[in-house]
Amino acid sequence: MAPVNRPKDKKHEKAHERQSEEAKSSGKRKLDYEGQQNVPLTKKLLLRKNKAQEKIGNVSSGIVSTLSSEIFRDPYKSYHSLLSFPFDRRVTCLEWHPTHPSTVAVGSKGGDIILWDYEVLTKTCFIKGKGPGDSLGGMKFSPYESAKLYVASGDGTLSLQDLEGKLVQVISRAPDCGHENHNVCCWYCSVDVSASCRAVVTGDNLGNVVLLSTSGEEIWKLKLHKKKVTHVEFNSRCEWLLATASVDQTVKIWDLRNIKNKANFLHVLPHDKPVNAAYFSPTDGAKLLSTDQRNEIRVYSCSDWTKPQHLIPHPHRHFQHLTPIKATWHPRYDLIVVGRYPDPNFPGYTAHELRTVDIFDGNTGEMVCQLYDSNASGIISLNKFNPMGDTLASGMGYNILIWSREEMVMKKQEHLLKAMTEQGIGSRSLSRRGRQRQANPGTSKLKAKLLFCEVEETGTKAKDSKSQGRK
DNA sequence: ACCGAATGATACC
DNA sequence: TGGTATCCCTTCGG
């Protein structure tokens, strides 16, 4: 996917003019377009980044700052999130290390990969990409060697990247198109690896799905979708079950033992918009979570693929220059995390709606809570809990955010909800609009107490990170 | 403070 | 079926 010369977006220019005109006439600033209070965050962070880099020497990434965060419904609570700013392009994919609890791998639109242990600054590993066109669509740690990553790139390659030796083994290469202004018209967009099948699946931007051995021999290549395959995934509990998601507005479920053509899927799950992702639930592999390109999150159950078990309305519309928003599962509970992109056309939209990280209960479809960090006001496209489920990593523009104590917050919140239900205290102060300070003094005292405990539990950790960031 | 670049999806010929 | 104009309307860096 090399850069292509495209006509100028005249409408864009017009829109700019229009906005400037409106800004002049109404006395409003352009950035108030969606009612966001757009703090010039990046500038501040940049300054801090430069300072941090001066102090830590020539390290390509660093902990920029320790930010205080808040959960909306818990105005009395604050905890910390870490932020890293390692790339010169957007974050496009994110994977937790399978065994190391504080290490994430993050890929960018320029092909850069960072392996970041946010607790030990010196353990950062940075692999420079090829720049424009080397956009990383997906990454997956090898189930055999955790120092190796399967990487699907916009340059048309699927490779096995050694993070220690930094060697790369190209496993598959999409055909060269031979055009003048770019080299590939076809590139891989997603990967998954099955340990039990010793197989790798990948999907490309034209609708092809390729099954390979882990060393790269092609087993088959079939056009299973009409358009880009945004996601491919093996089921963790059933080794022959495969899910594919596509911008052709479908998710398809396949029996790997019997794939012949695009029509012999086990199930089709039609959507109203292109689909960004479709993840099987890690708890039992029996549910499937899909995110479309506008306003739906769906939860399907394997007991009935004909209709979603829950259809959760949620604003996360597609935009060209935004990494597609993907909802993911918590590894241990049926919880769903997803970044919110407030949409004036979404029912219930309010002018001051924030770009939160929303957490839903996968069994009821109800929102459980929202995360927000006033120092990180961008749209958070990617969210993934670590395998232990106690930390959340997010991709926001060029940044990586790490939210700590997440699981404890959730656990405590569960207890809290239970306690509140038992006491007959309405727990619906946890509704989306509950951003107004909540009313029940009894509840808030309880919350404050619980939350205080959490701060105590992990206080040391937070302090450590802080001091590292400021070293 | 302002502007250009990057470049996904689709409608339409 | 392929080329291109239009729309969606963010974020960074100069």
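Just so we're on the same page: letters track the sequence lines, and every chain starts at 1.
Nucleotide B:dT10 holds its C1' atom 7 Å from the NZ atom of A:Lys227, rounded to whole Å. Rounded to whole Å, atom C1' of C:dG13 lies 12 Å from atom CZ of A:Arg89. Protein atom OH of A:Tyr341 is 11 Å distant from nucleotide atom C1' of C:dT11, rounded to whole Å. Computed from coordinates, the A:Ile380 CD1 to C:dT11 P distance equals 10 Å when rounded to whole Å. Going from atom CG of A:Leu322 over to atom C1' of B:dA9 covers 14 Å, rounded to whole Å. Here C:dG13 presents its C1' atom at 14 Å from CG of A:Asn399, a figure rounded to the nearest Å. Rounded to an integer number of Å, the gap from A:Leu206 CG to C:dT1 P is 12 Å. One can place CZ of A:Arg294 at 9 Å from P of C:dC8, the figure rounded to the nearest angstrom.
Taking the side chain as every heavy atom from C-beta outward, A:Tyr300 and A:Ile253 never approach each other to under 4.5 Å. Looking only at side-chain heavy atoms (C-beta outward), A:Val338 and A:Ile297 come within less than 4.5 Å of each other.
Aromatic pair A:Phe360/A:His314: centroids less than 6.0 angstrom apart.
Side-chain atoms of A:Arg355 lie closest to C:dT10 of the nucleotides C:dG13, C:dT10, B:dA9. With B:dA9, C:dG13, C:dC8 as the choices, the nucleotide that has an atom nearest any side-chain atom of A:Tyr398 turns out to be C:dG13. Between B:dG8, C:dT11, C:dC8, one nucleotide has an atom nearer to the side chain of A:Phe319 than all others, and that is C:dC8.
Across all strands, A:Pro324 comes closer than 4.0 Å to no nucleic acid atom at all (heavy-atom distances).
Dashed line: the shortest gap from a side-chain N or O of A:Gln293 to OP1 or OP2 of B:dG8 is not under 4.0 Å. For B:dG8, one of the phosphate oxygens OP1 or OP2 lies less than 4.0 angstrom from a side-chain nitrogen or oxygen of A:Lys109.
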Tell me, with the steps shown, if A:Asn386 and A:His97 meet side-chain hydrogen bond (donor to acceptor under 3.5 Å, both in side chains).
CA-CA 8 Å; A:Asn386 68 345; A:His97 189 281; over 6 Å; no
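The nearest heavy atom of DNA chain B to A:Arg90 and to A:Gln249 marks one nucleotide each, and the one closer to the 5' end goes with A:Arg90. Where A:Asp88 and A:His321 meet DNA chain C, the nucleotide closest to each residue was compared, and A:His321 sits on the side nearer the 5' end.
Here the CD atom belonging to A:Gln293 is positioned 7.5 Å from the OG1 atom belonging to A:Thr230, to the nearest 0.5 angstrom.
Between the side chain of A:His318 and the base of B:dA9, no donor-acceptor pair of N or O atoms lies under 3.5 Å.
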